[in-house]
Amino acid sequence: MSIAPSMSNSFPWLHRGIHEIFPDQPESKSPDENLEQRLIQSNRPLRIKLGIDPTGTDIHLGHSLLFRKLRSFQDAGHTAVLIIGDFTARIGDPTGKSEVRKQLTEEQVAANAETYLKQVRPILDFDTPGRLEVRYNSEWLSKLDLPQTLELLATMTVGQMLAKEGFAERYKQGTAIYLHEFLYPLMQGYDSVAVQSDVELGGTDQKFNLAVGRDLQRHFGQTPQFGLLMPILIGTDGVQKMSKSIGNYVGLSEDALSMYSKLEKTPDALILQYFELLTDLPLDQLPEGARDRQKRLALEIVSQYRGREAALDAQKAAGELVRGGIVQLRGSIVQPQSITGSLIVKEADGSVLSPVVSDTTFIVPNDDIVPKFSLAPIQFPVKAFYLVSASGLCKTSSEARRHIQGGAVRLEGDKLTSLDLTFESPDELVGKVLQLGKNKFVRFVP
RNA sequence: GGAUCGGUGCCCGAGUGGUUAAUGGGGGCGGACUGUAAAUCCGCUGGCUACGCCUACGUUGGUUCAAAUCCAACCCGGUCCA
């Protein structure tokens, strides 16, 4: 370990992967202009704000880096203030498309919030007292009356609002901008006032909103927060930002195998950033080869959410399954054994299951990594295409038909060729794996 | 409030009475190939346990044997004028 040469290395965890901190006056000793000084000089835990809108239910890696940063603050002894934007969700952050969001019921909000918390549990410290505070912003926003709202509105001008990137573009293009959308940054900013935040985390697209928070805190006599901006993660397609609607995402609640198989394809151009933002590995200790890096990345990330063991199994499974090779997932422990270019599969008790003709390593992943599908609700006899859609591998039965015709569906490694294929009873299917494309699998259980 | 243009499938965008589930492009998804991915080539890209049936061209009614295409009202967006 060398001695930190400059001030900015005093908090390596703070700087890893970030895009920007503002305000940022490196030379300043003022805790209002230099976050490190605030960290050093404060005699209490700082309040670190992160807001999420409970509009959907899935959190993906693109969100995770914010939570990971939040965790770093927790580990440094500070308080994470997680704000569930149940009130703001009714408007929607007008960064993207101009769709008026549907109002969420209380039940939906509660359900979504719970799902969120469950998903971020592997990231945040939920257990140490004083490290996590969860708040709903309807708590204060629903109580604002018109005079107070006017006070908020009066802090900003139309010109300032239009300076915001999204608005500017839309205004220029002639897309509709509704007045209530102007309220969004103000409400988010008011959250900062309400929870008296010292630092607010957000993506780079949040800069304007975080800055509004500073303005409002100043307006209400508080010390303005710092804004800490994290990059917007590019999705697995290597082009657009990671987003559920685009589909280039890796969800935190996905099974180990699909997580792994997506991540092991991470484009080379993105791999360093992924390591930096999504893992804690020192960047100077990464594997050499491009392929090895992909594997390591996938292994690391899957381990974080599904555990090391499942990650290792997924890694082995992916190699075999993606190749469209033999699929004999029995969920039992198997020792690969080479016999004249072939492999045999053994059950846990040592009995030979079936010879497998393949010159690749045969693997049997454990049950955790392939989603299970219960045949109980299925009426037999059942047609193959119906099974494919019912099991969740694809959305509609029409789509299932097309996939079968296109040769994309395999049962235990055998390509399904006929649409008319019918299964008479569950016994034909239990324990077998149905595969669509290269990385969608499901294992039938009774 | 007035004038004018426009609202088509995930997106863009053809089509102005009938072989139209609707040309084309993008995107997406599959297949082949490369031990991943990318590139390339090929296929698919409303729904339905399905050789038939049902929904679709802003909404609702209407005119027709027949409408995305004609008419009316309404809703929504753009632009210009007040």
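So that the names make sense, note that chain A is the first sequence line, chain B the second, and so on, each numbered from 1.
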Nearest heavy atom decides the nucleotide; on that basis, is A:D268 or A:I378 closer to the 5' end of RNA chain B?
A:D268

Closest non-hydrogen contact found for A:T266 with A:Q294 is O-NE2, 2.7 Å

Could you tell me how far B:C53 sits from B:U36 if I compare only their C1' atoms? Round to whole Å.
44 Å

Between B:A50 and B:C29, how far is it from one C1' atom to the other, in whole Å?
22 Å

Of all the choices, B:U49, B:A37, B:G30, which nucleotide is nearest to the side chain of A:Y386 once you look at every atom?
B:U49

Can you tell me how far P of B:G31 sits from CD of A:Q405, to the nearest Å?
15 Å

For A:Q379, answer base if it contacts any base atom (sugar-phosphate contacts may also be present), sugar-phosphate if it contacts only those atoms, and nothing otherwise; contact means non-hydrogen atoms under 4.0 Å.
base

How close do A:A390 and A:I378 get, counting heavy atoms only, and between which atoms?
CB-CD1, 3.9 Å

A:K262 has an atom NZ; how far is it from atom P of B:C29, in whole Å?
10 Å

Starting at NE2 of A:H403 and ending at P of B:G28, how long is that distance when rounded to a whole Å?
14 Å

If you measure from the C1' atom in B:G9 to the same atom in B:A21, how many Å do you get, rounded?
9 Å

Where the side chain of A:R402 is concerned, which of B:G31, B:G30, B:G47 is the nearest nucleotide?
B:G47

Could you give the CG-to-P distance, from A:L270 to B:A38, as a whole number of Å?
13 Å

Test for a donor-acceptor pair under 3.5 Å between the base of B:U36 and the side chain of A:Q294, counting only N and O atoms.
yes

Distance from A:D53 atom CG to A:I83 atom CD1, nearest 0.5 Å?
11.0 Å

Just call it for A:S398: base, sugar-phosphate, or nothing, with non-hydrogen atoms closer than 4.0 Å on any strand.
base

Please report the distance, rounded to the nearest Å, between CD in A:Q315 and P in B:U36.
16 Å

Heavy-atom pair of closest approach, residues A:L434 and A:L416:
CD1-CD1, 4.5 Å

What is the separation between atom CG on A:N248 and atom C1' on B:A38, rounded to the nearest whole Å?
16 Å

So how far is it from A:R71 CZ to A:D125 CG, rounded to the nearest 0.5 Å?
5.0 Å

For B:A22 versus B:G17, give the span between their C1' atoms, rounded off to a whole number of Å.
15 Å

P-based separation of B:G1 from B:C10 [nearest Å]:
34 Å

How long is the gap from CG on A:L286 to CD1 on A:I271, to the nearest 0.5 Å?
8.5 Å

Could you give the NZ-to-P distance, from A:K295 to B:G35, as a whole number of Å?
13 Å

Would you say B:C48 has OP1 or OP2 under 4.0 Å from some side-chain N or O of A:T396?
yes

If you draw the axis of the six-membered ring of A:F126, does the NZ or CZ of A:R121 fall within 45° of it and under 6.0 Å from the ring centre?
yes

To the nearest angstrom, the CG-C1' distance between A:D292 and B:G35 comes to 12 Å

Donor-acceptor pair (no angle test) under 3.5 Å: A:S397 side chain, B:A50 base
yes

For atom P, what is the distance between B:G52 and B:U59, given to the nearest Å?
29 Å

The nucleotide from B:G31, B:U49, B:A50 with an atom nearest the side chain of A:K415 is B:G31

Taking N and O atoms by type only, does the side chain of A:R291 place a donor or acceptor under 3.5 Å from a partner on the base of B:A37?
no

In terms of the nearest nucleotide of RNA chain B, which residue is placed more toward the 5' end: A:V409 or A:K383?
A:V409

For RNA chain B, consecutive-pair runs of 3 or more (Watson-Crick or G-U wobble, both H-bond-type distances under 3.5 Å) give B:1-7 with B:75-81, B:10-12 with B:24-26, B:27-32 with B:40-45, B:46-48 with B:52-54, B:58-62 with B:70-74

Where A:M156 and A:M161 come nearest, the two heavy atoms and their spacing:
SD-CE, 3.6 Å

Which value, in whole Å, describes the distance between the P atoms of nucleotides B:C11 and B:G18?
26 Å

Checking side-chain contact (heavy atoms from CB on, under 4.5 Å) between A:L375 and each of A:V445, A:L429, A:V382, which is the one that passes?
A:L429

Using the C1' atom as the reference point in each nucleotide, state the distance between B:G28 and B:G77 in Å, no decimals.
28 Å

